[in-house]
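Step one of this worksheet: look at the structure below.
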Amino acid sequence: MVKQPFLSLNAGIDMPQVGLGVWQTPPEKTTSIVHYAVNAGYLAVDTASIYGNEEGVGEALADRPEIFLTTKLWNADQGFDSTLRAFDQSVLKLRRDVIDLYLIHWPVPKKDLYAETWRTMIRLRDEGRIRAIGVSNFTADQIKILIAETGITPAINQIELHPEFQQHSLQDFHKQHGILTEAWSPLGQGQTLNSPVIATIAKKHERTAAQVIIRWHIQNEFIVIPKSVTPSRLDENLAVFDFKLDDQDMAVIARMDRMNGRIGPDPMTADF
Ligand code: NAD
């Protein structure tokens, strides 16, 4: 099997660059899908308490402690006591004493609890219960507040990012601060797979559209967590380490970025 790339987190640990996302993976199917994926070679899984499938992930990974596991704190659980409680519940469901990466799922600026939540996560990390802590859907200004209030920089910001929504200024901010960019909905929830631009590049390399897009994420040094529940697609999405996009391919995909390319909620206004 081809050696998979890892990226280094500021917490001093390495994270596999490609992982499996399990949002909308039905809880009753999660164990068998995650089991299939890790047997096929996936080295990381991305879940969240709100996905309702942490138990299935935990069951599938019960004898695979080496698989890099990410979960996320849900919005309703922000705040000191509730973060501690939510974390305890996640570790029970996931059957892990230590979580590799724990993220604040959304900032929810209206609640104004994300800095307190961040302090609580730092405490959990300092107690050795989390290897790396990060955020998701945070703006540069919100991350600046976390750093100013605690002196601790998130290891990662997991954000919506795909060829039609590339978030260049946030990417630049991450680079300046040593924060890794993790792309959610990396395939544009499947929509970007129909792009004629991607189809042309895929034909040139005799690869699929999904493989071209995942390759684009890898070569941009993002962490990428495509989701599928179909075994053949899980295999396909991992067969991306034996070819390279050239500079021209990368430049063509860079031009797919659109002002209104966002598919998911806007973190500035998301309040759920
Ligand atoms: P995605 O971009 O990974 O697209 C998934 C969809 O693409 C699948 O449902 C499937 O229909 C299709 N697909 C996947 N592989 C394919 C292939 N090889 N051929 C054809 N079709 C294929 O979308 P996503 O699930 O939204 O994002 C991936 C992961 O990101 C999630 O599972 C979750 O872990 C994470 N995520 C995080 C947040 C957040 O707020 N932090 C939000 C959304 C998603």
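Ligands are counted one by one from 1 in listed order, and the atoms in each one are counted from 1 as well.
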Quiz item: Backbone, side chain, both or neither: what part of Leu193 comes under 4.0 angstrom of ligand 1, heavy atoms only?
Solution: side chain
Quiz item: If you measure from atom 33 (C) of ligand 1 to every heavy atom of Tyr51, Trp106, Trp184, which option wins on shortest distance?
Solution: Tyr51
Practice problem: List the closest protein heavy-atom neighbour of atom 14 (C) of ligand 1: residue, atom name, distance to the nearest 0.1 Å. | Solution: Lys227 O, 3.1 Å
Quiz item: Which residue supplies the protein heavy atom nearest to atom 40 (O) of ligand 1, what is that atom called, and how far is it?
Solution: Asn137 ND2, 2.9 Å
Practice problem: Rounded to the nearest 0.5 Å, what's the gap from OG on Ser185 to CD1 on Ile263? Could you check? | Solution: 6.0 Å
Quiz item: If you measure every N/O of Glu236 against every N/O of ligand 1, is any gap under 3.5 Å?
Solution: yes
Quiz item: Which is it for Val229 and ligand 1 at heavy atoms under 4.0 Å: side chain, backbone, both or neither?
Solution: neither
Exercise. Compute whether any side-chain donor of one residue and acceptor of the other, for Asp249 and His205, lie under 3.5 angstrom apart.
Key: yes
Quiz prompt | Distance-only side-chain donor-acceptor flag, Glu54 / Thr71, under 3.5 Å | solution = yes
Quiz item: Should Pro186 be listed as contacting ligand 1, given a heavy-atom distance under 4.0 Å as the test?
Solution: yes
Practice problem: Could you pull out, from Ser228, Ala270, Ala239, Gly190, the option with a heavy atom nearest to atom 12 (C) of ligand 1? | Solution: Gly190
Practice problem: Could you tell me whether the side chain of Glu116 and the main chain of Leu113 form a donor-acceptor pair under 3.5 Å? | Solution: no
Practice problem: Quick one: look up the protein heavy atom nearest atom 11 (O) of ligand 1 and list residue, atom name and how far away it is. | Solution: Arg233 NH1, 4.0 Å
Quiz item: Is ligand 1 under 4.0 Å from a heavy atom in the side chain of Ser136, in the backbone, in both, or in neither?
Solution: side chain
Exercise. Would you mind listing which atoms of ligand 1 come within a distance below 4.0 Å of any non-hydrogen atom of Gly188?
Key: 2 (O)
Self-check item: Polar side-chain atom of Gln142 near backbone of Pro107 as donor-acceptor pair, under 3.5 Å
Solution: no
Quiz item: When you measure from atom 29 (C) of ligand 1 to every protein heavy atom, which one gives the shortest distance, and what is it?
Solution: Ile225 O, 3.2 Å
Self-check item: Nearest-contact summary for atom 34 (O) of ligand 1 - protein heavy atom, Å
Solution: Asp46 OD2, 2.7 Å
Self-check item: Distance (rounded to the nearest 0.5 Å) between Lys72 NZ and Asp77 CG
Solution: 14.0 Å
Practice problem: On the 0 to 90° scale, with breaks at 30° and 60°, tag the Trp106-Phe272 ring pair as parallel, tilted or perpendicular. | Solution: perpendicular
Quiz item: If you measure from the Lys or Arg side-chain nitrogens to the Asp or Glu carboxylate oxygens, is any gap between Asp246 and Lys204 under 4.0 Å?
Solution: yes
Quiz item: When you measure from atom 24 (P) of ligand 1 to every protein heavy atom, which one gives the shortest distance, and what is it?
Solution: Ser185 OG, 3.6 Å
Self-check item: Nearest non-hydrogen partners of Gln4 and Gly41, listed with the distance
Solution: NE2-O, 2.7 Å
Quiz item: Which residue owns the protein heavy atom closest to atom 31 (C) of ligand 1, what's the atom, and how far is it?
Solution: Trp23 CB, 3.5 Å
Self-check item: Atom indices of ligand 1 within 4.0 angstrom of His105 heavy atoms, with elements
Solution: 39 (C), 40 (O), 41 (N)
Quiz item: Under a 4.0 Å heavy-atom limit, does Asn237 contact ligand 1 with its side chain, its backbone, both, or neither?
Solution: side chain
Exercise. Could you tell me whether Arg129 and Asp88 have a side-chain N and a carboxylate O separated by less than 4.0 Å?
Key: yes
Quiz item: Just which atoms of ligand 1 are under 4.0 Å from any heavy atom in Gln158?
Solution: 35 (C), 36 (N), 37 (C), 38 (C), 39 (C), 41 (N)
Practice problem: Could you tell me if the ring centre of Tyr114 sits under 6.0 Å from that of Phe138? | Solution: yes
Quiz prompt | Reported CD-to-CG distance for the pair Glu164 and Asn260, which is rounded to 0.5 angstrom | solution = 9.5 Å
Quiz item: Between the side chain of Asp266 and the main-chain N/O of Met268, is any donor-acceptor distance below 3.5 Å?
Solution: yes
Practice problem: Report yes if some N/O of Gln189 lies less than 3.5 Å from some N/O of ligand 1; otherwise report no. | Solution: yes
Self-check item: Close-contact set for ligand 1 against Pro226 heavy atoms, below 4.0 Å
Solution: 3 (O)
Quiz item: For Ala210, is at least one N or O under 3.5 Å away from an N or O on ligand 1?
Solution: no
Quiz prompt | For atom 2 (O) of ligand 1, closest protein heavy-atom neighbour | solution = Leu187 N, 2.7 Å
